[in-house]
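Here the structure comes first, spelled out in structure tokens, and everything after it is commentary.
Every value quoted in this text rests on a predicted model; they were computed, and no experiment measured them.
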Amino acid sequence: MRSHFTCVLVALVALALCAVGDAFYLPGVAPQDYQRDDIVTMKVAKLDSTRTQLPFEFYSLPFCRPPTVKHAVENLGEVLRGDRIENSLYTLEMRFDEQCKVVCKLDSLSQDESTQFAEKIKDEYRVMMILDNLPVAMVRMLQNEDGETIKTYERGFPVGFVAKINKDDNTWIPPDVDDANAETKTFLNNHVRFTILYHKDVEYETSRIVGFEAEPFSVKHTYEKPYSSSKPVLETCNPGRMKYVTYDDPPQEVRAGEEIIFTYDVLFTPSDIKWASRWDTYLLMTDTQIHWFSIVNSMMIVLFLSGMVGLIMLRTLRRDITKYNSLETPEEQAEEAGWKLVHGDVFRPPTNAGVLCVLVGTGAQVGCMFTITLIFALAGFLSPANRGGLMTASVILYVAMGFVNGYVSGRLYKQVKGTDWRWNTLCAAFAFPSVIFVVFAALNTMIWGQRSSGAVPFGTFFLLIFLWFGVSAPLVFLGSYLGTKAPVSEDPVRTNKIPRQVPKQVWYMANFWQIAVGGVLPFGAIFIELFFILTSLWLHQFYYIFGCLGIVFTILCITCAEISVMLTYFQLVAEDHRWWWRSFFTSGSSALYLFAYGCHYFSTKLEVTNKISTAMFFGYLTIGSSLFFTLTGAVGFIASFAFVRIIYGSVKLD
């Protein structure tokens with residue numbers, strides 16, 4: 001009964017954190033106050049696409065570039081995400097509207113340049129820019145679950161678009177209409193209308209930027225000749241003549257030999273949004289009820305398993321212990337059956353015990369890393385305003401938690417009477433990270449071959465290697481040394497010298513069926529939330545429901561522990577003492593369902609057209625599934641290990 005109250009208490013605390021996590025965050029940067037007419041420069045981050053998943057530097061295309069391109073200092077997470085923040089020619093004066101401002105003119109587009117533009121446009125690349133630490137976004141008006149129209153943001157704006165044109169009269173043809181005279185052409189968005197939302201401080205006459213919106217246009221600019229680079233006079237965009245860019249203007253086609261003029265407008269709009277709440281529109285979730293459905297679904301699974309485990313603990317197991325402790329005569333003891341019969345073999349070390357210790361230690365490392373990262377995220381330190389903060393924290397904490405890996409694997413290795421703790425420590429420090437390194441290095445090489453900014457630079461690559469060999473590995477050795485030196489508790493029962501023969505099992509008690517069934521419920525507790533996580537990773541959306549994620553993660557751990565304990569009990573009742581590996585695989589098999597769901601998501605939600613992008617998805621999915629396998633397997637094993645020690649310590653044995 002106490003376990004039920006504990007589960008309810010944890011759920012209530014996490015529920016409170018969910019509300020806090022949705023409403024509060026620390027921006028990560030100090031607010032910037034601007035006086036009227038202060039010069040503010042927009043920065044460019046990258047070009048990104050959900051179709052290829054390969055980011056590129058902004059100046060990889062022949063856009064207007066300043067005389068000297070300056071790279072901003074970036075943290076580890078930004079580099080790993082492919083951000084390359086640089087200065088640009090787009091400037092503005094605070095609270096001063098400007099229209100038809102010319103950036104530059106390309107006299108003649110070369111064949112190679114037109115091909116580059118056309119490929120990026122067909123792959124639906126979007127321009128990512130930054131102003132006062134806010135990403136540029138396009139406004140999308142949507143209806144929420146209550147039927148109300150709300151304002152949402154779509155990150156970035158497209159480089160251009162592809163459209164069908166009638167060859168005879170150059171009129172637009174809808175995409176779903178088949179026309180013999182149709183011709184497909186690509187057009188460049190060479191004019192952008194920026195809307196800057198600002199919140200004014202009446203007392204000090206200063207303003208803070210609280211919104212950065214963009215509306216792209218494609219327009220074939222014409223101008224009065226001769227063209228003056230210092231003060232060009234455009235005919236298609238001239239505020240003095242009340243001529244502004246509209247969607248009715250002839251578009252700018254991407255074609256070799258074309259002359260292209262890049263322009264932009266800047267409009268300032270006062271807003272009641274305060275600086276501390278300026279990220280709310282970016283983080284707005286229109287499907288919050290689905291998150292709550294996910295939590296309710298997970299809670300129902302936990303209640304079901306808690307009822308099963310409670311039935312085993314409070315009735316069946318207590319009855320078994322009372323029965324076993326009341327057997328006095330040799331005749332009664334000879335007729336006993338069930339889990340007590342395997343007491344002489346239940347603590348016999350399994351085959352490949354060292355490998356099991358390494359996997360459990362790695363799972364403990366991943367679990368501690370995820371838990372601490374989640375705590376920091378709930379506290380608001382890893383908000384999207386702190387670009388790359390979440391990934392940086394995850395990498396650093398994974399490295400630091402190498403100590404936990406060494407301690408858990410070393411202590412468990414001593415518990416199973418291992419003799420070569422140094423070799424076990426080497427495996428803990430290098431076995432699983434080597435798998436991640438090989439996959440990551442192979443993917444990075446392929447991305448580098450595409451000249452994508454998503455490829456990790458050599459300097460950062462060597463930094464990651466240093467963190468592995470110079471920080472993580474020594475911490476693993478330190479933790480393993482302390483773990484092997486720490487005293488371990490003796491087994492509640494003695495182990496027989498000769499293993500007991502396992503009786504023939506019914507078909508549904510076979511390893512395959514038990515492991516396959518064991519992974520269903522843990523996966524069922526997370527699969528709805530998993531959809532939103534994959535969407536944020538591969539469709540470039542913000543994910544900030546860390547409170548709900550914390551609840552789901554807590555439920556996942558409880559589910560893994562309960563399903564593993566329950567199936568371990570059934571296995572021991574069937575007089576099968578080989579529970580060590582099965583308890584790990586029972587909950588760890590949920591990683592197979594996670595991988596299968598990832599494949600389903602790839603085939604139904606993504607429109608990836610590049611083979612390298614496909615390799616990226618499945619490579620990172622393999623890494624994520626492997627980490628999930630060690631985490632859930634470790635939780636299930638530790639729970640079963642504690643359960644077995646408790647029940648065999650509760651019966652009288654000769």
Side-chain angles (χ1 to χ4, degrees), residues 48-55 77 80-82 123 294 359 362-363 365-367 369-370 373-374 390-391 394-395 397-398 431-450 452 454-456 464 515-516 518-543 545 549 552-553 556 560 584-585 587-635:
D48 214 347
S49 169
T50 58
R51 291 177 64 87
T52 67
Q53 302 295 333
L54 292 172
L80 294 177
R81 292 193 320 171
D123 287 333
S294 171
L359 289 175
T362 303
Q365 178 184 10
V366 175
M369 177 271 291
F370 189 85
T373 302
L374 194 57
L390 181 61
M391 185 169 292
S394 300
V395 172
L397 285 173
Y398 180 82
F432 194 78
S434 296
V435 176
I436 298 178
F437 177 80
V438 169
V439 176
F440 179 76
L443 293 176
N444 192 67
T445 302
M446 290 188 288
I447 298 171
W448 178 78
Q450 297 293 309
S452 169
V456 177
L464 295 174
I515 292 172
V520 173
L521 292 180
F523 173 75
I526 65 158
F527 83 97
I528 297 178
E529 203 66 27
L530 181 62
F531 169 82
F532 295 100
I533 295 175
L534 290 174
T535 299
S536 66
L537 290 175
W538 298 102
L539 295 182
H540 306 156
Q541 298 181 11
F542 289 114
Y543 182 89
I545 313 296
L549 181 61
V552 172
F553 177 68
L556 171 67
C560 289
F584 186 92
F585 283 117
S587 53
S589 63
S590 56
L592 295 176
Y593 295 98
L594 186 147
F595 187 87
Y597 182 81
C599 298
H600 170 73
Y601 182 89
F602 177 84
S603 61
T604 58
K605 300 299 180 182
L606 299 183
E607 298 180 1
V608 175
T609 57
N610 192 304
K611 293 182 179 179
I612 293 179
S613 304
T614 302
M616 284 174 51
F617 180 88
F618 286 100
Y620 291 133
L621 180 63
T622 301
I623 293 176
S625 300
S626 301
L627 294 173
F628 190 76
F629 168 71
T630 60
L631 167 64
T632 53
V635 171

### Task
For the residue pair T614 and F602, establish whether any side-chain heavy-atom pair is separated by less than 4.5 Å.
yes
### Query
Tell me, which pairs form a salt bridge (charged side-chain N to carboxylate O under 4.0 Å, His left out) where one or both residues lie in residues 599-610, sequence neighbours left out?
R51-E607
#### Entry: Non-hydrogen side-chain atoms of L464 and V395 separated by less than 4.5 Å
yes
### Query
Got a sec, which residues hit side chain to side chain contact (heavy atoms under 4.5 Å, CB included) with F595, two or more places apart in sequence or on another chain?
C599, F618, L621, T622, S625
### Atom pair CZ (F585) and OG1 (T632), whose distance is rounded to the nearest 0.5 Å
11.0 Å
### Message
Using 30° and 60° as the class boundaries, would you call the ring planes of F617 and W538 parallel, tilted or perpendicular?
### Response
tilted
#### Entry: L54 side chain near D123 side chain, heavy-atom distance below 4.5 Å
no
### Message
Would you say that T362 contacts L627 through its side chain, given a criterion of any heavy-atom pair below 4.5 Å between the two side chains?
### Response
no
### Task
Would you please classify the geometry between the F553 ring and the F370 ring as parallel, tilted or perpendicular, with 30° and 60° separating the classes?
tilted
### Query
What are the two closest heavy atoms between L397 and T373, and how far apart are they?
CD1-OG1, 3.2 Å
### Query
What is the minimum heavy-atom distance between C560 and V635, and which atoms define it?
CB-CG1, 3.9 Å
### Query
Backbone N or O of P522 within a donor-acceptor pair of the S590 side chain at under 3.5 Å?
no
### Query
Of all heavy-atom pairs between T604 and H600, which one has the smallest distance, and what is that distance?
OG1-O, 2.7 Å
### Task
Report yes if some heavy atom in the side chain of Y398 is under 4.5 Å from a heavy atom in the side chain of I436; otherwise report no.
yes
### Query
So, do Y601 and T535 sit near enough that their side-chain heavy atoms are less than 4.5 Å apart?
yes
### Task
Look only at the side chain of T630 and the backbone of L359, and say whether a donor-acceptor pair between them is shorter than 3.5 Å.
no
Please tabulate, for side-chain N and O atoms in residues 441-450, each donor-acceptor pair with protein atoms closer than 3.5 Å (sequence neighbours left out).
unit_1 : atom_1 : unit_2 : atom_2 : d
N444   : OD1    : V456   : N      : 2.6
T445   : OG1    : A441   : O      : 2.8

### Task
Measure across A634 and G363 and return the closest heavy-atom pair with its distance rounded to 0.1 Å.
CB-CA, 3.8 Å
### Summary
Note: M616 and Q53 closest approach over all heavy atoms is CE-O, 3.4 Å
### Query
At what distance, to the nearest 0.5 angstrom, does CG of L534 lie from CD of E529?
11.0 Å
### Task
Compare all side-chain heavy atoms of L530 with those of Y593 and state whether any distance is below 4.5 angstrom.
no
### Query
Tell me, do I526 and I533 make a side-chain contact under 4.5 Å, heavy atoms counted?
no
### Message
Within this structure, what is the OG-CG distance for the pair S394 and L374, rounded to the nearest 0.5 Å?
### Response
10.0 Å
